[in-house]
Amino acid sequence: MSQSCLHCALARAIRRESGPLAERGLAVSISRAEPVWLPSPGARLYRALRRLLRDAGSQAEGASVKLTVIDLLGKSHVEVTATIPVGRGSRVLACAFPRHAPGSLGRGFAEALDLS
């Protein structure tokens, strides 16, 4: 099973989307977070993060996009949020990435055993 670094994919996505976002007058900031290894192909992470940045850029009505990586113990996934100004408030867009390899969770539960 291959693992990919979420932060590496996020850095690449920000570099790629920073030009189009800057053309719209948007600056991207990100809060500090520890590296996170996920059991997903890097390309999948990268595409989802670019989609998040494009959506944030197209919906923002202010001058900034604030990114946060939410990596809490006990959660089944890691989340990346983009907070953007909209009207007199803000909107939070998000994408989530599972911590487990797809199809592997059932192996640990009796219900998933094939007893035939």
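Atom set for the values below is all heavy atoms of this structure, side chains included, hydrogens, waters and symmetry mates excluded.
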(message) Please find the pair of heavy atoms, one from Ala48 and one from Cys95, that lie closest to each other, and give the distance.
(response) O-SG, 4.3 Å
(request) Kindly write out the residues that satisfy side-chain contact (heavy atoms from CB on, under 4.5 Å) with Arg24, not counting sequence neighbours, or none if the list is empty. (result) Leu21, Leu26
(request) Any chance you could measure Ser31, atom OG, to Leu67, atom CG, to the nearest 0.5 Å? (result) 8.0 Å
(message) Main chain of Gly87, side chain of Glu61: is a donor-acceptor contact present, judged purely on distance under 3.5 Å?
(response) yes
(request) Output every pair passing side chain to side chain donor-acceptor pair (under 3.5 Å) with a member in residues 88-97, not counting sequence neighbours, ordered by first then second residue. (result) Gln59-Arg91
(message) Can you confirm whether Arg54 is buried at CZ, in the sense that more than 12 heavy atoms of other residues, nucleotides or ligands lie under 6.0 Å from that atom?
(response) yes
(request) For Pro98 and Leu38, work out which heavy atoms get closest and say how close. (result) O-CD2, 3.8 Å
(message) How close do Pro41 and Ser4 get, counting heavy atoms only, and between which atoms?
(response) C-OG, 3.4 Å
(message) For residues Val28 and Tyr46: do they belong to one hydrophobic cluster (side chain heavy atoms under 4.5 Å, members Ile, Leu, Val, Met, Phe, Trp, Tyr)?
(response) no
(request) Heavy atoms only: give me the nearest Asp55-Leu93 pair and the separation to one decimal. (result) C-CD1, 3.9 Å
(message) Taking side chain to side chain donor-acceptor pair (under 3.5 Å) as the cut-off, I'd like each qualifying pair that reaches into residues 64-82, sequence neighbours left out, listed once.
(response) Asp71-Arg99
(request) Report, as yes or no, whether the 6.0 Å neighbourhood of atom CZ on Arg12 holds more than 12 heavy atoms from other residues, nucleotides or ligands. (result) no
(request) Kindly give the heavy-atom pair with the smallest separation between Gly42 and Ala9, and that separation in Å. (result) O-CB, 4.3 Å
(message) Salt bridge check, Glu17 against Arg15: does any charged N sit closer than 4.0 Å to a carboxylate O?
(response) no
(message) Do Leu52 and Val86 sit in one hydrophobic cluster, given that two such residues count as connected whenever their side-chain heavy atoms are within less than 4.5 Å of each other, even indirectly?
(response) yes
